[in-house]
Engineer: 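Supplied in structure tokens, the structure appears directly below.
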Amino acid sequence: MAKVTDFKEAGFDSLFDELKWRGLIAQSTDETELEKTLDGEPVTYYCGFDPTAPSLHVGNLVQLISMRHLQAAGHHPLALVGGATGLIGDPRQSGERTLNPRNVVEEWTSRLAAQIGRFLPAQGGNPVRFINNYEWTGSMTAIDFLRDVGKNFRMGTMLSKDIVARRLNSEEGISFAEFSYQVLQGNDFLELFDRYDCRLQLGGNDQWGNLTSGLDLIRKVRGVNVNVMTSPLITDSQGKKFGKSEGNAVWLDPAMFSPYRFYQFWFNQPDDQVIKLLKTFTFLPKAEVERLEEEVKTDPGAREAQKALAWEVTSYVHGERAAQGAIDASGSLFGRGGNLDDLDEDVLEGALEGLKIDDGQGGMTFAAAAAGDRVVEAGVKAGLFKSVSEARKTVNSGGVYLNNTRVADQEAVLADKDFLHGRFALLRRGKKALGVLERRA
RNA sequence: GGCGGAUUUCCCAAGCGGUCAAAGGGAGCUGACUGUAAAUCAGCCGCGUAAUGCUUCAGAGGUUCGAAUCCUCUAUCCGCCA
């Protein structure tokens with residue numbers, strides 16, 4: 001099960017050792033100093049999450065897990081949600097962002113906060129505390145910004161930041177707003193230092209430039225050296241950014257990315273990645289990971305490591321019940337024979353639990369269908385296809401299955417017998433994408 | 001401020017008045033093979049409630065029977081000169 005362990009239980013001498021081994025430390029301002037900090041008296045640390053989407057994704061999960069490790073070791077987490085920075089947007093290599101409307105950012109801000117709360121306990125001796133940088137940034141006037149904050153930043157330093165330099169050299173250039181992002185983030189660090197004595201910031205390695213912008217500021221203004229620690233950017237075997245599936249980000253919100261799909265995403269990781277991922281994304285003890293590493297070598301086809309990875313991460317993110325449902329659903333599909341008829345009604349229902357879709361009103365439900373409905377239309381309702389015409393194309397290339405039997409005809413229609421136990425019809429696109437139709441009159 | 005070049009469907013990139021929904025590659029989807037992997041091969045790949053249907057080639061106008069392709073203006077980017 002996805003139990004969170006501290007470094008002793010996991011088989012390490014210190015928190016620093018564990019993070020090192022798990023590959024959670026890519027860069028830090030001063031590794032010796034970082035080791036002392038991590039293994040010393042409890043400190044307050046923070047990590048920021050910008051509301052640029054309605055949900056966090058697996059990329060953010062690395063940060064959450066790092067934060068959780070530190071928390072388990074007794075340090076004090078601050079989760080910053082960027083209500084202010086999210087209105088500006090950090091510079092990306094791909095080009096200037098489109099600004100999101102204020103009310104949308106506000107909505108996303110509260111969604112992210114709720115999500116983060118599920119990963120970091122708010123009880124106990126060192127509970128997570130939530131902060132929104134809009135608090136101190138939202139009311140700042142242009143004069144305050146330039147006099148109190150801007151005056152402490154040097155153009156040379158700001159221009160030399162990697163992402164800024166690259167954007168300046170790109171055809172598109174960079175706007176003053178995105179260029180100034182690093183100033184806001186630097187100021188956040190200072191604010192948290194003043195309020196909470198926060199001395200360590202975590203973040204993704206691609207955020208290095210933004211993370212470090214607070215260091216000089218705090219040294220200059222308060223005369224204190226604080227630290228930054230980044231987690232590596234996770235990439236796949238091809239060196240591509242990790243966490244894309246079917247062209248979409250792998251979201252942590254079950255309404256945007258079902259627990260079943262989430263489970264499958266981890267289960268499908270290639271052999272040369274799975275051990276690295278087990279280290280980084282799970283809390284499994286060292287000895288257990290080493291045992292699985294041996295399994296991959298001796299019997300790769302059994303996929304023991306993938307199974308462990310998928311279970312651990314899915315149960316951590318979505319809970320054990322949803323994870324078990326994903327396993328059941330996977331088993332009835334990929335298990336020997338994939339015999340759906342043999343499943344008991346309650347087993348079937350449990351297995352399908354993780355496949356519910358957003359009902360558009362904040363709840364989760366199954367798509368409704370009745371005998372006589374066209375399969376292509378039902379597939380759209382179940383969320384497997386964007387449109388009937390996309391469904392048609394997939395049927396034509398032989399990629400649509402009703403209860404594990406290939407659908408041959410675009411015009412096929414659901415029959416009474418297609419509803420297992422008179423209730424559910426299981427529609428599949430390709431090997432892994434599943435959708436459920438519940439019979440309703 | 002002046003002169004020249006660029007802007008094509010998710011990305012790169014052909015096209016230079018009809019045969020253009022637009023070559024090729026990448027990404028993505030599906031199939032075969034397999035270990036629910038990788039590699040390989042094949043199909044699909046603007047949208048679509050499939051229709052002699054709809055909307056595209058930076059934006060707005062214009063020339064023409066007909067424009068991504070020609071003209072004018074606008075925007076943005078890149079050079080060179082002031």
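Chain A is the first sequence line, chain B the second, and so forth, proteins listed ahead of strands; every chain is numbered from 1.
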Engineer: Considering Watson-Crick and G-U wobble pairs with both distances under 3.5 Å, what does B/U72 pair with?
Structural biologist: B/A60

Engineer: Would you mind reading off the distance between A/Gln273 atom CD and B/U36 atom P, rounded to a whole angstrom?
Structural biologist: 19 Å

Engineer: Students often get this wrong, so: under 4.0 angstrom with heavy atoms, is A/Tyr401 touching a base, only sugar-phosphate, or nothing?
Structural biologist: sugar-phosphate

Engineer: Nearest to the side chain of A/Pro270, which nucleotide is it out of B/A37, B/G35, B/U36?
Structural biologist: B/A37

Engineer: Quote, to the nearest angstrom, the C1' distance that separates B/G28 from B/C45.
Structural biologist: 8 Å

Engineer: Side chains of residues 299-308 of chain A: which donor-acceptor pairs under 3.5 Å do they make with residues two or more places apart or in other chains?
Structural biologist:
from, atom 1, to, atom 2, distance (Å)
A/Arg303, NH2, A/Phe267, O, 3.0
A/Gln306, NE2, A/Gln269, O, 2.8
A/Gln306, NE2, A/Asp271, OD1, 3.0

Engineer: Taking ring pair (Phe, Tyr, Trp, His ring centres under 6.0 Å) as the test, write out the residues that go with A/Phe424, two or more places apart.
Structural biologist: A/Phe366

Engineer: Assign the ring pair A/His318 / A/Phe262 to parallel, tilted or perpendicular, where the plane angle (0 to 90°) is split at 30° and 60°.
Structural biologist: perpendicular

Engineer: In the strands shown, is B/G28 matched to any nucleotide by a Watson-Crick or G-U wobble pair with both distances under 3.5 Å, and which?
Structural biologist: B/C44

Engineer: Checking contacts here: which listed nucleotide (B/C29, B/G31, B/G35) is nearest the side-chain heavy atoms of A/Arg303?
Structural biologist: B/G35

Engineer: Are A/Arg291 and A/Glu295 ion-paired here, with the side-chain N under 4.0 Å from a carboxylate O?
Structural biologist: yes

Engineer: Taking the nucleotide of RNA chain B with the closest heavy atom to each, which residue, A/Asp271 or A/Gly398, is nearer the 5' end?
Structural biologist: A/Gly398

Engineer: Considering Watson-Crick and G-U wobble pairs with both distances under 3.5 Å, what does B/C77 pair with?
Structural biologist: B/G5

Engineer: What are the atom names and distances for every N/O pair under 3.5 Å that joins the protein to nucleotides 48-52 of chain B?
Structural biologist:
from, atom 1, to, atom 2, distance (Å)
B/G48, OP1, A/Ser387, OG, 3.3
B/G48, OP2, A/Ser387, OG, 3.1
B/G48, N7, A/Ser389, OG, 3.4
B/U49, OP2, A/Ser389, N, 2.9
B/A50, OP2, A/Arg392, NH1, 3.0

Engineer: Could you list the protein-to-nucleotides 10-12 of chain B atom pairs, N/O on both sides, closer than 3.5 Å?
Structural biologist:
none

Engineer: Could you measure between the two C1' atoms, the one in B/U72 and the one in B/G48, and give it in whole Å?
Structural biologist: 36 Å

Engineer: Who passes salt bridge (Lys or Arg N to Asp or Glu O under 4.0 Å) against A/Arg147, sequence neighbours left out?
Structural biologist: none

Engineer: Please check the phosphate of B/C29 (OP1 and OP2 only) for any side-chain N or O of A/Lys432 closer than 4.0 Å.
Structural biologist: no

Engineer: To the nearest angstrom, how far is A/Arg261 atom CZ from B/C29 atom P?
Structural biologist: 10 Å

Engineer: Under a 3.5 Å limit for both distances, which nucleotide forms a Watson-Crick or G-U wobble pair with B/C65, could you say?
Structural biologist: B/G18

Engineer: Base of B/G43, side chain of A/Asn396 - is there a donor-acceptor contact under 3.5 Å?
Structural biologist: no

Engineer: Could you give the distance separating B/G17 and B/A67 at their P atoms, to the nearest angstrom?
Structural biologist: 14 Å

Engineer: CD of A/Glu304 versus C1' of B/A37: gap in Å, rounded?
Structural biologist: 15 Å

Engineer: Give none if B/G35 has no partner; otherwise give the nucleotide forming a Watson-Crick or G-U wobble pair with it, both distances under 3.5 Å.
Structural biologist: none

Engineer: Determine the interatomic distance between P on B/A21 and the same-named atom on B/U64; round to the nearest Å.
Structural biologist: 23 Å

Engineer: Roughly how many Å is it from CZ in A/Arg428 to P in B/U36, rounded to a whole number?
Structural biologist: 12 Å

Engineer: Check the distance between B/G35's P and A/Gln306's CD and give it to me in whole angstrom.
Structural biologist: 14 Å

Engineer: Please report the distance, rounded to the nearest Å, between CH2 in A/Trp311 and C1' in B/U36.
Structural biologist: 19 Å

Engineer: Distance only, no hydrogens: is a donor on one side chain within 3.5 Å (strictly under) of an acceptor on the other, for A/Trp108 and A/Asp50?
Structural biologist: no

Engineer: Looking only at atom C1', what distance separates B/G79 and B/U69, rounded to whole Å?
Structural biologist: 25 Å

Engineer: Could you tell me the separation between the CG atom of A/Asn268 and the P atom of B/C29, rounded to a whole number of Å?
Structural biologist: 11 Å

Engineer: Map A/Ser397 and A/Gln264 onto RNA chain B by nearest heavy atom, then report which one ends up closer to the 5' terminus.
Structural biologist: A/Ser397

Engineer: Atom CD1 of A/Ile275 to atom P of B/A37: distance rounded to whole Å?
Structural biologist: 18 Å

Engineer: For the residue pair A/Phe12 and A/Trp21, categorise the inter-ring angle as parallel (less than 30°), tilted (30 to 60°) or perpendicular (more than 60°).
Structural biologist: tilted

Engineer: Verify whether one side chain among A/Gln264 and A/Ser330 offers a donor that lies under 3.5 Å from an acceptor in the other.
Structural biologist: yes

Engineer: Suppose you measure atom C1' in B/G26 against the same atom in B/C70; what distance do you get, rounded to whole Å?
Structural biologist: 33 Å

Engineer: Distance alone, cut at 3.5 Å: any donor-acceptor contact between the side chains of A/Asn133 and A/Thr85?
Structural biologist: yes

Engineer: When the C1' atoms of B/C10 and B/U56 are compared, how many Å lie between them, rounded to an integer?
Structural biologist: 15 Å

Engineer: Any side-chain to backbone donor/acceptor pair from A/Arg429 onto A/Phe385? Under 3.5 Å, distance only.
Structural biologist: no

Engineer: What's the gap between B/A60 and B/G53 when it is taken at their C1' atoms, as a whole Å value?
Structural biologist: 27 Å

Engineer: Report the residues that fulfil side chain to side chain donor-acceptor pair (under 3.5 Å) with A/Gln324, sequence neighbours left out, ordered by chain and then residue number.
Structural biologist: A/Asp328

Engineer: With no hydrogens and no angle check, just 3.5 Å: does a side-chain donor-acceptor pair link A/Ser231 and A/Gln63?
Structural biologist: yes

